[in-house]
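For reference, positions follow the sequence shown, starting with 1.
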Amino acid sequence: VYTKQAVFSSGGRPFTLIDTPGHTDFAPEMERCLQALDYAVLVVSAAEGVQAHTETIWHLLERYEIPTLLFLNKTDRPGVDKAASLLELQRKLSPLCFLAEKDGDGLSSKAVEDLAGLHETLVNRYLEGETTLQEWTSIAAEYTQKRLCFPCFWGSALEGTGISELLWGLASLAPL
């Protein structure tokens, strides 16, 4: 098992994906890649939940100050609960995790409401109601880059669900 890379584009932007092994036996290989990252996508199994190694990786991403998006994978498994999975991420990784559902070309109203609830300054902007959904997407991108929020996406890599939303998140919430 080795680190692999792939080049692709999403939203008209080029990306180089560095896929590292997630198993603890390959932690040194994963850690060597961190210094090359502009952003990370941390894949967490919604079926198994946040494991000890997931928390270790999270702390490394924090130490290297790498903006991070999360993908809750294996949501096709029986008994997986979206709300419970998000609460676990908030409890074990960061209370700044929010479900970044999209609506059209921007964040959904629910995602904006959740994002606004993360920071007092954003609550005021939300209550004023003068900011469009597209502007909220830009705010989410700025806050993601500064590690002030962690957009979470939901799906099943095996079934291909949620992948287009994750790619949208990379193109929209991970500015260079």
Side-chain angles (χ1 to χ4, degrees), residues 1-8 10 13-77 79-102 111 114-115 118-119 140-176:
V1 178
Y2 297 101
T3 297
K4 300 287 184 190
Q5 78 176 36
V7 178
F8 66 95
S10 180
R13 290 182 45 204
F15 289 90
T16 301
L17 171 74
I18 302 173
D19 184 9
T20 64
H23 193 274
T24 57
D25 292 346
F26 303 99
E29 175 122 7
M30 185 274 308
E31 191 170 354
R32 279 192 292 275
C33 294
L34 292 179
Q35 296 176 38
L37 301 181
D38 294 317
Y39 285 83
V41 176
L42 180 60
V43 180
V44 178
S45 170
E48 284 88 23
V50 175
Q51 304 291 305
H53 187 59
T54 307
E55 292 181 77
T56 300
I57 294 169
W58 182 261
H59 293 303
L60 288 169
L61 292 168
E62 193 172 43
R63 181 187 323 154
Y64 289 103
E65 299 179 353
I66 299 170
T68 305
L69 293 83
L70 292 98
F71 183 73
L72 284 153
N73 192 25
K74 301 181 183 178
T75 59
D76 54 331
R77 301 262 178 99
V80 170
D81 179 80
K82 185 183 284 190
S85 296
L86 183 60
L87 283 173
E88 182 183 28
L89 292 176
Q90 292 170 333
R91 192 177 74 253
K92 290 188 174 181
L93 302 182
S94 172
L96 301 176
C97 292
F98 76 103
L99 194 58
E101 295 175 326
K102 70 177 216 133
D114 292 346
L115 173 63
L118 298 178
H119 297 281
E142 175 189 342
Y143 274 61
T144 300
Q145 185 175 34
K146 293 177 180 177
R147 291 187 50 90
L148 296 173
C149 75
F150 300 99
C152 301
F153 298 87
W154 177 265
S156 170
L158 184 62
E159 292 185 357
T161 59
I163 303 304
S164 62
E165 289 81 2
L166 175 62
L167 291 175
W168 169 84
L170 283 171
S172 302
L173 304 177
L176 295 177

Would you compute the distance between atom OG of Ser85 and atom NZ of Lys74 and round it to the nearest 0.5 angstrom? 12.5 Å

Can you see which heavy atom on Phe153 is nearest to which on Leu173, and at what distance? CZ-CD1, 4.0 Å

Got a sec, which residues hit side chain to side chain donor-acceptor pair (under 3.5 Å) with Glu165, two or more places apart in sequence or on another chain? none

Apply ring-ring contact (aromatic ring centres under 6.0 Å, His included) to Phe150 and list each qualifying residue two or more places apart in sequence or on a separate chain. Trp58

Between Pro95 and Leu118, which heavy-atom pair has the shortest distance, and what is it? O-CD2, 3.4 Å

If you take all heavy atoms of Leu89 and Val50, which pair is closest and at what distance? CD2-CG2, 3.7 Å

Name all residues meeting the ring-ring contact (aromatic ring centres under 6.0 Å, His included) criterion together with Trp154; count only those two or more places apart in sequence or in a different chain, and write none if there are none. none

Is it the case that the side chain of Asn73 and the backbone of Ala157 share a donor-acceptor pair, with hydrogens and angles ignored and the cut-off at 3.5 Å? yes

Between the main-chain N or O of Gln90 and the side-chain N or O of Ser94, is there a donor-acceptor pair closer than 3.5 Å? no

Under the side chain to side chain donor-acceptor pair (under 3.5 Å) test, residues paired with Arg77 that sit two or more places apart: Glu48

Identify, with sequence neighbours excluded, every residue that meets side chain to side chain donor-acceptor pair (under 3.5 Å) alongside Asp76. Ser156

Could you grab the distance from atom OG1 of Thr75 to atom CD of Glu159, nearest 0.5 Å is fine? 7.5 Å

Measuring from atom CG of Leu93 to atom NE2 of His59, what distance do you get when rounded to the nearest 0.5 angstrom? 8.0 Å

Just how far is it from atom OG1 of Thr56 to atom CG of Leu61, taken to the nearest 0.5 Å? 11.0 Å

So how far is it from Ile57 CD1 to Ile66 CD1, rounded to the nearest 0.5 Å? 11.5 Å

ring-ring contact (aromatic ring centres under 6.0 Å, His included) partners for His119, two or more places apart: Tyr143

Where is the tightest heavy-atom contact between Leu69 and Leu170, given as atom of each residue plus distance? CD2-N, 4.2 Å

Leu72 vs Val80 side-chain heavy atoms within contact, under 4.5 Å: no

For Pro67 and Arg147, the nearest pair of non-hydrogen atoms, with its separation, is CA-CG, 3.8 Å

Rounded distance (nearest 0.5 Å) linking atom CD of Gln51 with atom NZ of Lys92: 7.5 Å

In the structure I gave you, are the side-chain heavy atoms of Cys152 and Phe98 within less than 4.5 Å of one another anywhere? no

